[in-house]
Amino acid sequence: MESPPTGQERRQRAHWFVPFALTGAVAGILIAEAVARHAGFSGPLPGLIGDVVGVPQSASVPWAGLVLAMVGLTARDRWLAIGAAALIDGAFLVERLLADGPFTVGNGPTIVLAVLALYTAATMTGEARRGALRGIGLGVLLVLSVKIGDAWLKLTVLAGPEVLDEYVQLADHALGNPSWLVGQVLDEFGDVAYAVLHWVYIELPVAAIVVAVYQLRNVGGGRPWPAHHLVRTFLLIGLVGPLCYVLFPVVGPVFAFGGSGNGWQIVDAWPAWAPLNLQPVPVPFDDATPRNCMPSLHTAWATALFLHSRGGPRWLRWMGAVWLAGTLAATLGFGYHYGVDLVTGAVLCLTLESALRDPDRGWGPFRIRLVAGGTLLVVAQLAAYRYLPAVMAEHALIAGPLLLASLVAMIVAFRTAFPAQEPEGHDSSSESMSPSRPSCSR
């Protein structure tokens, strides 16, 4: 009879996450490109080519990918990579400005990222090579996942010509339609509050890189990697979450009930109160707005960031808490999401984090129950939003607390299975920030 795998063997299996994810990402790029060409819109490959020799689609993503890629390198190699990327970016920027092109950057880190992969594979050996390639793989994954995500958002439009916002607005009434409330409050606070929240919202990936780099700060030069870190959860959320967009197409209150609907809105009212339709129907919508509302992946990612910041020093814990609060306020206040989207997004995050956290402990009954229960809860919530929204709206004093209680139950179950870490008082080891570090109470 085979003995169960040891913690070290489980840890080694966890390290296969990056090569498997890279293989899936490359396949996803090729599939997305084929579907995009068949559907008649631009796929991810032109964007990747533009990042190398043309105009980058994003200035921050390539740099974030390079920063993440450098965690497995020595300090000398990190400085060389940053310097080379800055010089290349500067040269491309000057060329664009002389040709009256856009003021943006991103070519340098993309080129250096590719060169780093070739250099590491050709010149390094042993644990130093494996560790460096693992970091570079994470950086490449970040860049590829954004490209796949952009293509997927276009596919959600093709898959969902009609949106279910009337259903979600009704279900959201059980929570008091918090998007409308926060939107009105944000209007009262004015432009400064809007600018701050907008910055928090769009720079969520940058905050995640800060947490991830802190978790991986000591892995350079072949030193051990933690079995689990924030990047793994981020990527899994980005893989699983968008599947719901196709099954449950929703555009959000500012589009379906506000002026951003470009003539397709049900009523132009948001953030003023919009009337409820107790007999909701799918509503045709334009062919440009992504159906990326249900669940709120920004909430899922911000929740993951919060969880992974808990074992860090005080400044990191504060950053995680502030980013979670700011993201929740922005998703609601800008009208991008309904309250029920946030509830389901948080449950989705806890479910996927439960599947990845503490790989040393294996897949015992505690993990199976938590992942299966979280999955069933996400399905049950989506089914309620689709088939019982009128009941939820008419019995809001019952449905609202029940919905919030389901989230609280998931949080309690998660914390019971994975007790909170002791915050760090100082930097101690490469694994001090890793969620896979066993707690003395387990």
Side-chain angles (χ1 to χ4, degrees), residues 21 24-48 57 144-172 234-258 260-266 277 280-301 331 335-338 340-345 347-349 351-352 375 378-389:
V26 172
I29 286 284
L30 296 176
I31 293 171
E33 182 66 26
V35 174
R37 292 191 179 190
H38 178 73
F41 63 85
S42 179
L45 287 181
L48 284 172
Q57 293 179 334
L144 294 183
S145 63
V146 171
K147 301 300 182 187
I148 295 173
D150 291 342
W152 185 261
L153 291 181
K154 296 175 183 176
L155 293 177
T156 64
V157 176
L158 299 177
E162 296 182 322
V163 299
L164 304 177
D165 283 77
E166 283 195 343
Y167 295 82
V168 184
Q169 182 209 17
L170 261 185
D172 200 48
F234 249 63
L235 291 173
L236 190 58
I237 290 171
L239 174 67
V240 175
L243 298 176
C244 298
Y245 295 163
V246 174
L247 301 174
F248 209 112
V250 181
V251 293
V254 73
F255 299 100
F257 300 97
S260 297
N262 297 319
W264 293 83
Q265 61 265 33
I266 299 165
N277 180 8
V281 295
V283 179
F285 216 77
D286 66 20
D287 57 359
T289 307
R291 280 54 164 162
N292 61 340
C293 203
M294 177 63 73
S296 168
L297 295 196
H298 259 78
T299 297
W301 283 318
T331 56
Y336 295 156
H337 287 282
Y338 303 88
V340 292
D341 306 342
L342 276 60
V343 172
T344 303
V347 173
L348 176 68
C349 170
T351 302
L352 298 180
T375 302
V378 169
V379 172
Q381 288 176 352
L382 293 178
Y385 306 155
R386 177 63 176 84
Y387 298 107
L388 298 173

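Since we're looking at a predicted model, the values are computed, not measured. Basis for what follows: all heavy atoms, side chains included, without hydrogens, waters or symmetry-related copies.
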Separation of [Y] [atom2] from [X] [atom1] (nearest 0.5 Å):
X      : Y      : atom1 : atom2 : answer
Gln381 : Leu348 : CD    : CG    : 10.0 Å
Asn277 : Glu166 : CG    : CD    : 4.5 Å
Leu155 : Trp152 : CG    : CH2   : 6.0 Å
Ile266 : Phe285 : CD1   : CZ    : 8.0 Å
Leu352 : Phe234 : CG    : CZ    : 12.5 Å
Tyr338 : Phe257 : OH    : CZ    : 4.5 Å

Worked check of side-chain contact (heavy atoms from CB on, under 4.5 Å) between Asn292 and Tyr336: CA-CA 9 Å; Asn292 61 340; Tyr336 295 156; over 6 Å; no

If you take all heavy atoms of [X] and [Y], which pair is closest and at what distance?
X      : Y      : answer
Glu162 : Pro249 : O-CG, 3.4 Å
Gly241 : Leu297 : CA-CD2, 3.7 Å
Thr289 : Val157 : O-CG2, 3.4 Å
Pro295 : Gly345 : CB-N, 3.7 Å
Tyr385 : Thr344 : OH-OG1, 3.0 Å
Ala171 : Pro389 : N-CB, 3.9 Å

Can we say Arg291 and Asp286 salt-bridge, meaning some charged N sits less than 4.0 Å from an Asp/Glu carboxylate O?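 Yes, Arg291 and Asp286 are salt-bridged.
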
Side-chain touch [X]/[Y], heavy atoms, less than 4.5 angstrom:
X      : Y      : value
Ser145 : Leu235 : yes
Leu342 : Thr331 : yes
Asp150 : Gln57  : yes

Step-by-step side-chain contact (heavy atoms from CB on, under 4.5 Å) determination, Thr299 to Asp341: CA-CA 8 Å; Thr299 297; Asp341 306 342; over 6 Å; no

Please step through side-chain contact (heavy atoms from CB on, under 4.5 Å) for the pair Lys147 and Leu48, ending with a clear verdict. CA-CA 8 Å; Lys147 301 300 182 187; Leu48 284 172; 3.8 Å; yes

If we check side-chain contact (heavy atoms from CB on, under 4.5 Å) with Met294, which of these qualifies: Val250, Val251, Val163, Asp165?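 Passing option: Val250.
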
Between Cys293 and Val168, does a side-chain contact (heavy atoms from CB on, under 4.5 Å) hold up when you go through it step by step? CA-CA 10 Å; Cys293 203; Val168 184; over 6 Å; no

Side chain Asp172, main chain Val340, donor-acceptor under 3.5 Å: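 Yes: the side chain of Asp172 pairs with the backbone of Val340.
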
